[in-house]
There are 2 protein chains.
Amino acid sequence: MGMTSSVDTVAELAGVSVSTVSRALRNVPGISEETRKRVQRIARELGYVPSIAGSRLATGKTRTVAIVTPSLSKWFFGQVLAAAGSVMREAGYDVLLYELADEATRGRFFDGPALPGRADGVLILALQPTPAELEALTEQGLPLAVLGSEQPGVPCVRVEDRDAGRSAVRHLLNLGHERIAFIGIEQAAGNTLGGVPPAQRLLGYRDALSEAALDHRPEYEVFEENTTAGGSSAMARLLCAEIPPTAVFVASDEMAFGVLGTLRGAGISVPGDMSVVGFDNHELSGLLDLTTMDHSVTRQGAEAARLLVSALQASETSETTLMVPATLVVRGSTAPPRPLRTRTYSPTKTHNHLTETA
Amino acid sequence: MGMTSSVDTVAELAGVSVSTVSRALRNVPGISEETRKRVQRIARELGYVPSIAGSRLATGKTRTVAIVTPSLSKWFFGQVLAAAGSVMREAGYDVLLYELADEATRGRFFDGPALPGRADGVLILALQPTPAELEALTEQGLPLAVLGSEQPGVPCVRVEDRDAGRSAVRHLLNLGHERIAFIGIEQAAGNTLGGVPPAQRLLGYRDALSEAALDHRPEYEVFEENTTAGGSSAMARLLCAEIPPTAVFVASDEMAFGVLGTLRGAGISVPGDMSVVGFDNHELSGLLDLTTMDHSVTRQGAEAARLLVSALQASETSETTLMVPATLVVRGSTAPPRPLRTRTYSPTKTHNHLTETA
DNA sequence: GTTCCTATCGCAAGCGCTTGCGAAACCCCT
DNA sequence: AGGGGTTTCGCAAGCGCTTGCGATAGGAAC
């Protein structure tokens with residue numbers, strides 16, 4: 001059973017021309033229903049499967065999309081990719097995967113004219129492509145869709161980061177916290193492994209603070225790479241503040257896990273001595289009882305994929321921007337601050353003046 | 001800047017024939033070094049990039065491999081895929097991703113003659129393909145490599161599951177435990193989401209027990225799907241045993257996380273009242289202080305990919321089987337059992353007879 | 001019984017690249 | 001100087017499919 005050549009065999013067996021076979025098999029009009037059935041049956045019996053290489057050459061279409069992502073080993077991207085891939089497959093597209101872990105491969109991808117001929121479109125996940133990079137792709141005539149950042153002229157889906165940040169911090173404020181810190185994602189130099197820092201979350205944090213007429217303390221805003229280790233050391237830095245916070249809003253759950261680790265190691269009880277709210281609603285957040293912002297990651301991936309397929313079909317740039325909201329998931333890592341200053345950990349117990357309101 | 005047709009343009013500009021261009025650009029012998037340089041320069045100036053569709057048609061080679069995996073959203077597969085993908089890309093192959101989440105798509109993949117024409121080879125990750133499925137692929141002339149199971153006639157890499165299981169349980173035995181349970185992975189019906197149950201781990205567990213001349217208690221072997229929820233409920237079931245274990249070996253870290261959750265919820269201290277050892281050395285295991293078996297997941301992925309590229313180049317089936325060992329990573333979730341029967345949790349405190357040795 | 005239209009199908013020209021084979025051209029020897 | 005061996009390159013035949021256009025046949029309309 002080898003590649004019994006092709007159309008010709010079917011054509012011969014069916015007693016028709018190759019063009020008829022081609023049309024019959026692709027349900028193209030111009031063929032009588034009767035011969036269509038016959039050809040299809042014969043093709044099936046022969047186990048004939050059209051060579052995509054041939055059809056690609058002839059049509060220029062590949063029925064394939066490229067999905068590019070900064071990392072596969074992180075939970076978030078895995079989720080998004082799974083959802084997006086599933087939608088694409090359902091729409092009849094193969095997915096070509098490009099992991100752009102470091103700047104080098106990233107450059108190679110956008111500069112090198114890799115795509116045309118391989119894929120009909122590109123789905124960009126949380127990479128925050130530069131305008132130049134986007135142009136490089138569109139110049140090649142590739143429809144695209146972007147997840148995780150907003151780009152003019154490109155259909156994209158992203159989460160209401162600012163609103164979400166505000167909501168998270170308001171929750172802490174409503175619990176009575178006044179000393180609230182923010183742990184953000186720092187763009188690691190030379191790689192895009194952690195994805196792109198969603199800067200808006202910081203703004204939401206500041207929004208909420210100023211709504212509450214609270215001071216903006218620079219020492220309460222720390223940034224680390226988007227890993228548990230990063231969260232861990234960020235929390236450690238916060239603990240060194242002259243007046244440590246009583247609550248912290250962390251820009252990703254993975255970092256929040258690190259935060260919890262540091263706190264446990266330091267003997268600081270959560271939520272007794274420190275409230276923590278994360279961002280992502282990571283698979284394991286429930287287990288760790290972490291209050292967090294859910295932004296339906298898989299739905300985002302699916303929507304982005306849908307945007308791309310409609311762009312592929314419409315062939316006219318749509319530029320829809322889909323904003324997905326985030327909702328607070330309250331778990332056990334947040335609670336009102338201790339009523340009195342009975343903090344029990346070591347550094348210094350001398351935070352005996354409250355934050356003065358502006 | 002559109003697809004300025006192709007070889008012909010370059011050929012014309014360079015004043016040579018298309019065949020010369022083709023040969024020059026691919027470093028095929030039979031061309032003087034001088035004209036080669038010239039053609040290459042001109043091609044570069046023109047920004048010419050050969051159409052893969054054309055070359056695929058002509059050569060039959062796609063420079064693409066398919067990677068098939070049961071799931072993307074699980075940590076393990078993300079790791080493996082990332083490592084494998086990176087190796088493949090480095091070897092000059094594009095990677096086509098197939099997530100076979102449920103039986104339906106799985107069947108469609110193996111039955112449907114999707115691959116030939118799309119990919120030159122297939123990398124199968126932890127899917128435990130049936131012999132029939134494998135044959136379907138090899139029949140299409142596709143070299144393959146398998147990760148996570150051993151298949152006759154196919155190059156594969158897998159971990160020494162049995163040894164690893166034995167090691168894990170020995171560790172518990174050496175600590176003095178005698179009532180050791182096993183939580184295994186149950187193949188969920190209708191989907192392969194959790195990958196394939198590594199049955200050998202159970203055997204390793206039994207090996208160690210019989211080495212220590214300990215009873216084999218059927219009620220100490222429970223199986224659930226490979227998720228935290230699964231681990232969680234498995235542990236709950238164990239807690240209902242007439243004589244609950246003092247230690248448990250869990251076949252995956254994700255399940256172990258669930259186990260830890262259940263124990264915490266039940267107020268059972270780890271490792272005081274219950275020792276837990278997992279399997280995978282998951283990213284978050286360190287944070288949760290989980291003793292576990294490390295089996296260098298990314299290395300496995302990379303090795304499997306390497307096996308595939310060499311199969312692709314050699315074109316003669318190699319059938320190497322690469323066994324990777326697992327090593328114990330001792331953390332805080334294991335300790336000697338409490339000297340006396342001072343277990344403190346509720347169900348019943350009536351386990352006043354020790355396990356009788358055989 | 002003409003005429004004209006429509007539905008059905010075959011012809012053949014690509015799509016862009018690769019490669020076996022033959023033609024030049026050139027070099028080295030004797 | 002002529003012959004044999006190399007090297008370098010062009011010709012042209014594909015690879016397997018798609019598709020515009022023309023051909024044929026069967027009916028409908030008059």
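Just so it is clear: chains get the letters A, B, ... in the order the sequence lines come, proteins before strands, and each one is counted from 1.
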Exercise. Is there a donor and acceptor pair, one atom on the side chain of Arg56(B) and one on the base of dG16(D), closer than 3.5 Å?
Worked result: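 Counting by modelled atom types and ignoring angles, no donor-acceptor contact under 3.5 Å is found here.
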For this session: Can you check whether any acceptor in the base of dC11(D) is under 3.5 Å from a donor in the side chain of Ser19(B), or vice versa?
Result: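 Answer is yes: a donor-acceptor pair is held.
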For this session: Could you please name the option among dC9(C), dT8(D), dT18(D) that lies closest to any side-chain atom of Thr20(A)?
Result: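 Side chain of Thr20(A) sits closest to dC9(C).
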Problem set entry | Side chain of Arg23(A) - closest among dG10(D), dC11(C), dT19(C) |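 Out of dG10(D), dC11(C), dT19(C), the nucleotide with an atom closest to Arg23(A)'s side chain is dC11(C).
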Exercise. With a 4.5 Å heavy-atom cut-off, do Leu100(B) and Thr69(B) have their side chains touching?
Worked result: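 A side-chain contact is absent here, since even the closest heavy-atom pair is not under 4.5 Å.
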Exercise. Is there side-chain contact between Val87(B) and Tyr93(B), with heavy atoms separated by less than 4.5 Å?
Worked result: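 No, too far: nothing below the 4.5 Å cut-off.
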Exercise. Which part of the nucleic acid, if any, lies within reach of Val16(A) when heavy atoms closer than 4.0 Å are counted: base, sugar-phosphate only, or nothing?
Worked result: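 Result for Val16(A) = sugar-phosphate.
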Exercise. Would you say the side-chain atoms of Arg158(A) pair up with the backbone N or O of Ser149(A), donor to acceptor, closer than 3.5 Å?
Worked result: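 No: the side chain of Arg158(A) does not pair with the backbone of Ser149(A).
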Whole angstrom value for the distance that separates [atom2] of [N] from [atom1] of [X]:
{"X": "Leu57(B)", "N": "dC15(D)", "atom1": "CG", "atom2": "C1'", "result": "5 Å"}
{"X": "Ile52(A)", "N": "dC15(C)", "atom1": "CD1", "atom2": "C1'", "result": "16 Å"}
{"X": "Glu33(B)", "N": "dC9(D)", "atom1": "CD", "atom2": "P", "result": "10 Å"}
{"X": "Glu12(A)", "N": "dG16(D)", "atom1": "CD", "atom2": "P", "result": "15 Å"}
{"X": "Lys61(A)", "N": "dT19(D)", "atom1": "NZ", "atom2": "C1'", "result": "16 Å"}
{"X": "Asp8(A)", "N": "dC15(D)", "atom1": "CG", "atom2": "C1'", "result": "11 Å"}
{"X": "Arg26(A)", "N": "dG16(D)", "atom1": "CZ", "atom2": "C1'", "result": "12 Å"}

Looking only at side-chain N and O atoms, does [X] come under 4.0 Å of OP1 or OP2 in [N]?
{"X": "Thr35(A)", "N": "dT8(C)", "value": "no"}
{"X": "Ser17(A)", "N": "dC11(C)", "value": "no"}
{"X": "Ser22(A)", "N": "dC17(D)", "value": "no"}

For this session: Starting from the 5' end of DNA chain D, give me the residue, Gly15(B) or Thr59(B), whose nearest nucleotide shows up first.
Result: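 The residue whose closest nucleotide sits nearer the 5' end is Gly15(B).
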Problem set entry | Residue whose nearest DNA chain D nucleotide is more 5′ - Ala58(B) or Ile31(B) |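 On the 5' side of the pair lies Ile31(B).
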Exercise. When the nearest nucleotide of DNA chain C is assigned to Val18(A) and to Arg36(A) on a heavy-atom basis, which residue is associated with the more 5' position?
Worked result: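 Result of the comparison: Arg36(A).
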For this session: Give a yes or no on this: more than 12 heavy atoms of other residues, nucleotides or ligands lie within 6.0 Å of atom CD of Glu45(A).
Result: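 More than 12 heavy atoms, drawn from other residues, nucleotides or ligands, come within 6.0 Å of this atom.
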For this session: Would you please say whether a donor-acceptor pair under 3.5 Å links the side chains of Ser19(B) and Ser22(B)?
Result: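 No, because no side-chain N or O of Ser19(B) sits under 3.5 Å from a partner of the opposite role on Ser22(B).
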